[in-house]
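Beneath this line is the structure, given in structure tokens, with notes to follow.
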Protein chains: 2
Amino acid sequence: MNSSTDGDADPAEAPSARPRGSVMRDVARLAGVSHQTVSRVLNEHPNVRPETRARVLEAMRALNYRRNLAARTLVTRRSRTLGIIGFETTLFGPASMLYGIEAAARQAGYFVSVATVPNLDRRSVLDAVDRLTQQSVEGIIAIAPKPTVTTALLQVPAGLASVGVGGGATDDDAVPTVRIDNGAGARLATQHLLDLGHPTVHHVAGPIDWPEAYERIEGWRRTLYDAGAVVPPVAPGAWTARSGYEQGMVLARDPSVTAIFCGNDQIALGVLRALHEAGRRVPEQVSVVGFDDTPDAEYFLPPLTTVRQDFAELGRRSLRVLLDQIDRQGRGRSPDHVVLAPELVVRASTAMPGRARRRRGRPSGGARPGGPGGRG
Amino acid sequence: MNSSTDGDADPAEAPSARPRGSVMRDVARLAGVSHQTVSRVLNEHPNVRPETRARVLEAMRALNYRRNLAARTLVTRRSRTLGIIGFETTLFGPASMLYGIEAAARQAGYFVSVATVPNLDRRSVLDAVDRLTQQSVEGIIAIAPKPTVTTALLQVPAGLASVGVGGGATDDDAVPTVRIDNGAGARLATQHLLDLGHPTVHHVAGPIDWPEAYERIEGWRRTLYDAGAVVPPVAPGAWTARSGYEQGMVLARDPSVTAIFCGNDQIALGVLRALHEAGRRVPEQVSVVGFDDTPDAEYFLPPLTTVRQDFAELGRRSLRVLLDQIDRQGRGRSPDHVVLAPELVVRASTAMPGRARRRRGRPSGGARPGGPGGRG
DNA sequence: GATCTTGATGTTACCGCTCACACCATACCG
DNA sequence: CGGTATGGTGTGAGCGGTAACATCAAGATC
């Protein structure tokens, strides 16, 4: 606090060193033991006298000691850190997966470092992998809808565990994946509409170069085909409400359209608005089904029938797969490919064709008792 | 694959060493220089002969060398890593801030480590701070709507930079903050409705213990007061569509309600549904305004008039504040408090009271030319 | 009672990097 | 031509931990 004449400061005073907290040696000195004993206490080594342990713990508390992870990582070669490569993490799905992964990682005693990519081209992904590698992460989870990402994961330095989560099936299965069965989800939606009596089902798809979108298209097409129904053309678009709105405008003009399966809930939102503006009532004249079951879907007008995927569970499962891989350290067993089953959530946006559901102007969503289109 | 008799394994074989990549010494040897010269090349030190530099770079490429960040951190005491404490990161707002921060950090050459908290009590937050400290982060950004968080930031080890982003004003201003002016946002919304001719404006608020919710309530109340309008009671709820729906049901029964300002867009979604089910038309009979401008708001039925806050910009600004703080290393200047102005986005959910807007059944959102309720 | 175990602790050598400094050529200077 | 600056490079120490080994007292074993 005395000489504040910096610039020409006495070099003996260690001029601009970051204030460093106490280290193991400080704790050791205060507790009257060697630093190694402190280390043993920290790592819960059994051979420490309870009395000594108590003394060390007390010293750690007194000095507010935090172990230095960098030093530990350096010598053990284990950073206890996982890397996540994220894309479009502002959307509900990716954000939920991210959250699920982080929460599970924390519980497992791992730290999480995030690298988002501005787009999914090879370079960006490799760049993200590189940044994570520098941080000596022990494994990488890629929120990875496109194959560029999973194949890029093959590039990771040998011995580094990795898993792709939430995309489609991969061509080569060298990289483990965790995802939902998009085809089955599409089938649930489509069959639901067919069962209601719709002669066929139209589809407003996501971007066709995303395996998720492609698989949903295929599941839908296949279901129609199996049922002997006409397969209308698909015009793939984006995952956005805007895209749904635009395509919905076209479908709304065609009076033969009575059922629309949408690639996700946002598309469905756009479709709903297009139908509304065209004066076509949902579900009386047209039924609509979404995909994802975002929290908002239950409050759309009308509450959206949709296919739920459990993003948080995807995150948790992907972490488990990754940790398994880390434990095995590369040897043994072929890569896991976990496929979770999606679930149809029926709400008020679907009905038999050409039939009102007697709900016009009535409070509280129609036939379903017990509150506002509840989830269970 | 031979001796699977573990437990008695031959210790001479270096059993479980992680495959380590090449290190500086390897590069040095291959390039025929000392490790220090390699370090100089890596850190772009000027005093290296171009020819030597080239040789080193070539060696690095040949060996696929990656510098070990843990070692570097250990000696420099700079991890080039920032910590983010996130809460409810599955929601659009927090997720966007997270994204904005990460993108900006990457550009600034920083890594990002995320610690989400299950709830906002003091313990959880301190725990998150602790985990980040262990990773020797150089600064912490808390996506921190509640004061518990910002005050917990005061607990961070001395010399560690921190900033709270996206919450309300803080009581003590010791911790820098970046946020929007919630009061001004509420005023924009309320005044807009008053200007349209509504005698007063009702408010469906968020949880009152969140400063954001509180400040919006105050802004709304103050605006009504200044205009000499009646100030109806507020019943604070959650930030969810469900909460909006429940409170919307109550308001829908009251024929004197002609204008509703909602704490956020999700609440507005619920209110819209409640009004619809009660047979009250929006905006003909009741006007509704939201807050946030989520991407979906434009496609609500009707497209939602709302107050936009630029979450990504909040993220970027908070990063800048944090980096400034790091550069200053604690000395000088009182903490920054950046307050951004929100912006009213008028769409189709607001109109003069008791007057239709001549848009029933017409295609494409009413009076506004040029597409579906465009953002501009 | 000498030897062997075993528990509790200390000593030492690194992990991979950067920093401070030493060193050696040249180049420049009076 | 001796002395000083300066560019290019090497050497050694040490950041804060952990692993392996050394040490040493006390109890178990014969």
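Here is the naming used below: chain letters follow the sequence lines, and residue numbers restart at 1 for every chain.
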Any side-chain heavy atom of A/Leu42 sitting closer than 4.5 Å to one from A/Tyr65? yes

Just call it for A/Asn68: base, sugar-phosphate, or nothing, with non-hydrogen atoms closer than 4.0 Å on any strand. sugar-phosphate

OP1 or OP2 of D/dT18 under 4.0 Å from side-chain N/O of A/Asn43: yes

Under the criterion side chain to side chain contact (heavy atoms under 4.5 Å, CB included), which of A/Leu82, A/Leu322, A/Val114, A/Ile84 is the partner of A/Ile101? A/Ile84

Should A/Arg67 be listed as having a side-chain N or O under 4.0 Å from OP1 or OP2 of D/dT18? yes

Would a 4.5 Å heavy-atom cut-off, applied to side chains only, mark A/Tyr110 and A/Glu138 as touching? yes

Between P of D/dG16 and CZ of A/Arg40, the distance in whole Å: 21 Å

Please determine if a side-chain N or O atom of A/Arg49 lies less than 4.0 Å away from the OP1 or OP2 oxygen of C/dA8. no

Picking from C/dT18, D/dG17, C/dG16, which would you name as closest to the side chain of B/Arg72? C/dT18

Nearest-Å distance, CZ (A/Arg29) to P (C/dG10)? 14 Å

Counting heavy atoms from C-beta on, name the nucleotide in C/dG10, D/dT11, C/dG16 closest to the side chain of A/Val33. C/dG10

Show which side-chain atoms of residues 49-58 of chain B pair as donor or acceptor with protein atoms under 3.5 Å away, not counting sequence neighbours.
| from | atom 1 | to | atom 2 | distance (Å) |
| --- | --- | --- | --- | --- |
| B/Arg55 | NH1 | B/Ala31 | O | 2.6 |
| B/Glu58 | OE1 | B/Arg61 | NH1 | 2.9 |

With no hydrogens and no angle check, just 3.5 Å: does a side-chain donor-acceptor pair link B/Thr116 and A/Arg106? yes

Under 4.0 Å: is that the gap between some side-chain N or O of A/Thr52 and OP1 or OP2 of C/dA8? no

Measure from NE2 on A/His45 to P on C/dG10 and round the result to the nearest Å. 13 Å

When the distance from NE2 of B/His35 to P of C/dC15 is rounded to whole Å, what number comes out? 13 Å

Output the rounded distance in Å from CE (B/Met24) to P (D/dG14). 20 Å

Tell me what B/Arg53 touches on the nucleic acid: a base, only sugar-phosphate, or nothing, going by heavy atoms under 4.0 Å. nothing

Would you indicate, yes or no, if D/dG10 has its OP1 or OP2 atom less than 4.0 angstrom from a side-chain nitrogen or oxygen of B/Thr37? yes

Along DNA chain D (nearest heavy atom to each residue), the more 5'-positioned of B/Gly32 and B/Val75: B/Gly32

Could you pull out all donor-acceptor pairs under 3.5 Å where a side-chain atom in residues 312-321 of chain A meets a protein atom, sequence neighbours excluded?
| from | atom 1 | to | atom 2 | distance (Å) |
| --- | --- | --- | --- | --- |
| A/Glu313 | OE1 | A/Arg316 | NE | 3.1 |
| A/Glu313 | OE1 | A/Arg316 | NH2 | 3.0 |
| A/Ser318 | OG | A/Leu314 | O | 3.3 |
| A/Ser318 | OG | A/Gly315 | O | 2.6 |

Choosing from C/dC17, D/dG16, D/dG7, which nucleotide comes nearest the side chain of B/Asn47? D/dG7

Heavy atoms, side chains only, cut-off 4.5 Å: are A/Leu69 and A/Phe111 in contact? yes

Contact under 4.0 Å: B/Arg77 side-chain N or O vs D/dG16 OP1/OP2: yes

Whole-Å gap separating C1' (D/dG16) and CD (B/Gln135): 17 Å

Which nucleotide in the set C/dG10, C/dG16, D/dT9 lies at the smallest distance from any side-chain heavy atom of B/Val48? D/dT9

Between the two ends of the helix from C/dG1-D/dC30 to C/dG30-D/dC1, what is the bend in degrees, rounded to 10 degrees, where each end axis spans five pairs? 50°

Output the rounded distance in Å from CD (B/Gln36) to C1' (D/dG12). 11 Å

D/dT18 OP1/OP2 closer than 4.0 Å to side-chain N/O of A/Ser39: yes

Okay, side chain of A/Thr150, backbone of A/Gly164: is any donor-acceptor separation there less than 3.5 Å? no

Nearest whole Å is fine: how far is D/dT18 P from A/Leu69 CG? 10 Å

